[in-house]
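Here's the structure we're looking at; comments come further down.
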Amino acid sequence: MSLLRKRGEGLFTATCQTKEEYTRILNLRVHLQPENGIINMNTIRSDCFEGLPDYEEIRPTIWKILFNYLPIETSEWSNFLRDKRNLYHQLVDELGPSTSYQITQQHQQQQ
């Protein structure tokens, strides 16, 4: 599972207002998919200093990185998110049967 589409997938020129916005989003996508698999936090912080574009998966992913929720190693994202979801479902199960039943059923259907 990838939080981001592969480079070049889903061109987003129609949603960008300016060429600068297009270039900025493209740069952020490249920085979120480094060749060595490790996010450069200095580059991300610098790119986001003037705000984040509100484009699909970029904004929420960058916030998760900046808040140190996601690890900087992109190869760990899938396992990390799976573990967090499982932890969430365990918590829901502890809260009670009516709440946990509905959420657990949805979780099992997704797997």
Side-chain angles (χ1 to χ4, degrees):
M1 176 174 108
S2 175
L3 294 178
L4 301 170
R5 285 185 281 232
K6 294 179 183 175
R7 289 184 193 142
E9 281 186 16
L11 295 177
F12 40 83
T13 54
T15 60
C16 295
Q17 301 297 320
T18 64
K19 183 178 180 181
E20 291 78 21
E21 184 180 1
Y22 173 85
T23 303
R24 192 159 175 242
I25 290 170
L26 186 61
N27 285 336
L28 286 168
R29 285 182 69 169
V30 168
H31 294 312
L32 289 174
Q33 299 173 346
E35 291 182 16
N36 66 356
I38 298 176
I39 300 289
N40 183 329
M41 292 297 289
N42 292 330
T43 304
I44 293 291
R45 285 187 191 107
S46 174
D47 286 349
C48 298
F49 184 73
E50 295 180 16
L52 287 168
D54 191 16
Y55 178 74
E56 291 185 8
E57 73 279 343
I58 291 176
R59 188 178 198 146
T61 302
I62 289 177
W63 275 115
K64 289 174 188 175
I65 293 167
L66 291 174
F67 282 126
N68 293 320
Y69 179 79
L70 280 176
I72 60 171
E73 295 86 7
T74 58
S75 62
E76 296 179 13
W77 287 1
S78 294
N79 292 334
F80 177 82
L81 291 171
R82 185 194 65 236
D83 293 345
K84 289 294 184 183
R85 287 185 188 105
N86 288 336
L87 186 62
Y88 167 77
H89 289 291
Q90 286 176 334
L91 175 66
V92 170
D93 288 341
E94 292 174 14
L95 292 176
S98 62
T99 305
S100 66
Y101 176 76
Q102 294 171 348
I103 294 175
T104 303
Q105 291 299 324
Q106 293 171 354
H107 177 66
Q108 290 173 348
Q109 290 173 355
Q110 292 173 355
Q111 290 182 346

List for me each residue that meets side-chain contact (heavy atoms from CB on, under 4.5 Å) alongside [X], sequence neighbours excluded, and say none if there are none.
| X | answer |
| --- | --- |
| Asn27 | Thr23, His31 |
| Glu73 | Ile38, Pro71, Ser75, Glu76 |
| Asn40 | Asn42, Thr43 |
| Ser46 | none |

Closest non-hydrogen atom pair between Phe80 and Tyr69, with its separation: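 Scanning both residues, the minimum pair turns out to be CZ-O, 2.8 Å.
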Hey, what do you get for [atom1] ([X]) to [atom2] ([Y]), rounding to the nearest 0.5 Å?
| X | Y | atom1 | atom2 | value |
| --- | --- | --- | --- | --- |
| Ile58 | Leu26 | CD1 | CG | 8.5 Å |
| Leu70 | Ile72 | CG | CD1 | 11.5 Å |
| Arg59 | Leu28 | CZ | CG | 11.5 Å |

Decide whether Leu87 and Leu91 are clustered together by the hydrophobic rule: side chain heavy atoms of Ile, Leu, Val, Met, Phe, Trp, Tyr closer than 4.5 Å, transitively.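 Unlinked, Leu87 and Leu91 end up in two clusters.
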4.5 Å side-chain heavy-atom contact, Asp47 and Arg24: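 They are not in contact (no side-chain heavy atoms under 4.5 Å apart), so the answer is no.
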Looking at Thr61, Leu32, Ile62, which hits side-chain contact (heavy atoms from CB on, under 4.5 Å) with Ile39?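 The single option meeting the side-chain contact (heavy atoms from CB on, under 4.5 Å) with Ile39 is Leu32.
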List the residues meeting ring pair (Phe, Tyr, Trp, His ring centres under 6.0 Å) with Phe49, not counting sequence neighbours, and say none if there are none.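 Listed in chain order: nothing, the list is empty.
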I'd like to know if the side chain of Arg45 reaches the main chain of Leu66, judged simply by a donor and an acceptor atom lying under 3.5 Å from each other, with no hydrogens or angles considered.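 Looks like no, no N/O pair under 3.5 Å.
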